[in-house]
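See structure below.
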Amino acid sequence: MQLNKSKTISIRPISPFNFDATFFKPDHFTTDDHIYEKGVRWQTMNWEGQMLGIKYEDASPGIKVTVFSIQEPTFEFIESLKNEIIYRYNLNLDLDEFYKLAIKDKLLDIAINELIGMRPGHPSSLYEYLIIGIILQNASVRRSIQMFRNLLSNYGTELEFDGKKLLCLWDIGRFSKIDEQELRDLKIGYRAKSIIKIDQQFSQGLINEFELRGKDLITQKKTLLALYGVGPATVWYLLFDVFHHWEVFEHISPWEHKLYSRLFFNKELLPVEKLMKYINKFGKYKHLAVHYLWEKMWWDRHNGTTFDWLEKEIRI
DNA sequence: CATCAGGGCCCTG
DNA sequence: CAGGGCCCTGAT
């Protein structure tokens, strides 16, 4: 599908702002729906039922956003899209208070110096993130990539914009008439059931992302856990990446356990309580603090530093 | 070749 | 609340 219309908007995030560390997270594994180069990200987006191509460009101190579409977008459409982009990438997040707290910790201070102005955030809607969360479960990174690719190439739509061809996520309800076996044939395994059920719950309107954003943490958590296929590990990701709770840090999965031990104390495996004690120092910003340490590790790897203990764990 | 665990979760007893 | 089963894949 050719996206011939384009409109440019500009966004000025709160300073300091780091374009690359905000628009590219080296540990995010999704493929075929975006391309990143230094200072530029091309990303597809299914917004209000329209399939869009978005090009983000570093235009320091701001961001140039070009929206590619089939139909000429209305003013209201562009406004809501702009607000959504600001929300998803946390462009209005004021990091000052966090930085003041973090400077007391040597490790975190180093990470912040390297990534200053980086926002947490994620390009996906709640619906899309749930699909991602489910294919992460009980699988290595390589296998998760394969599952995502298979889904996107079978059910996504190819969009051509700005000389790039990328796949865009399907509409909610896509799996209403698809039986489980068809998904299983894409090597999704038992996760097929969860994907179909969640798709169904969304299309029946049983869950609404925008309503849920306005609820309190407890309600959000309860609502998410009630979705079929969502448990403590997935909800932990969702509350941070999609609902932007910087303070929630209750769950450490086995592989993260190993990596945090290395990352915080350069030890092979420490008791979870010891790791939690370190993390708890950062109070209402504890997950954000971990995000900075975590992303620093991935950026260092991206830039050529080799951590053998990391390579052993990721197996891409 | 077989066996096993992996960036969990649901269901059963 | 513990533990079995689940899909597939690469490691051993």
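Lettering follows sequence order; numbering is per chain, from 1.
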Roughly how far apart, to the nearest Å, are B:dC10 and C:dT9 at atom P?
23 Å
Any A:Q146 side-chain nitrogen or oxygen under 4.0 Å from OP1 or OP2 of C:dT9:
yes
May I have the distance from A:Q137 (atom CD) to B:dC10 (atom P), rounded to whole angstrom?
8 Å
OP1 or OP2 of B:dC10 versus the side-chain N and O atoms of A:K193: is any pair under 4.0 Å?
no
Integer angstrom distance from the P of B:dG7 to that of C:dC1
27 Å
Taking atom CD1 as the centre, does A:I103 end up with more than 12 heavy-atom neighbours from other residues, nucleotides or ligands that are less than 6.0 angstrom away?
no
Base, sugar-phosphate or nothing for A:L227? Non-hydrogen atoms, less than 4.0 Å.
sugar-phosphate
Determine the contact category for A:S194: base if any of its heavy atoms lies under 4.0 Å from a base atom, sugar-phosphate if only primed atoms, P, OP1 or OP2 are that close, otherwise nothing.
nothing
To the nearest angstrom, how far is A:I198 atom CD1 from B:dC10 atom P?
9 Å
Quick one: the side chain of A:R184 and the base of C:dC7, do they pair up donor-acceptor inside 3.5 Å?
no
So does A:Y190 reach the base of C:dG5 with its side chain, donor to acceptor, closer than 3.5 Å?
no
Mark yes or no: A:R213 above the aromatic ring of A:Y87, with NZ or CZ under 6.0 Å from the six-membered ring centre and no more than 45 degrees from the axis.
yes
Distance, rounded to the nearest Å, where A:N150 contributes CG and C:dC7 contributes P:
17 Å
Any donor-acceptor pair under 3.5 Å from A:R143 side chain to A:K187 backbone
yes
At 4.0 Å (heavy atoms only), tell me whether A:Y237 reaches a base, stays on the sugar-phosphate, or touches nothing.
base
Are A:F98 and A:W246 close enough that their ring centres sit under 6.0 Å apart?
no
Kindly say whether, by distance alone, the side chain of A:R143 makes a donor-acceptor pair under 3.5 Å with the base of C:dC7?
yes
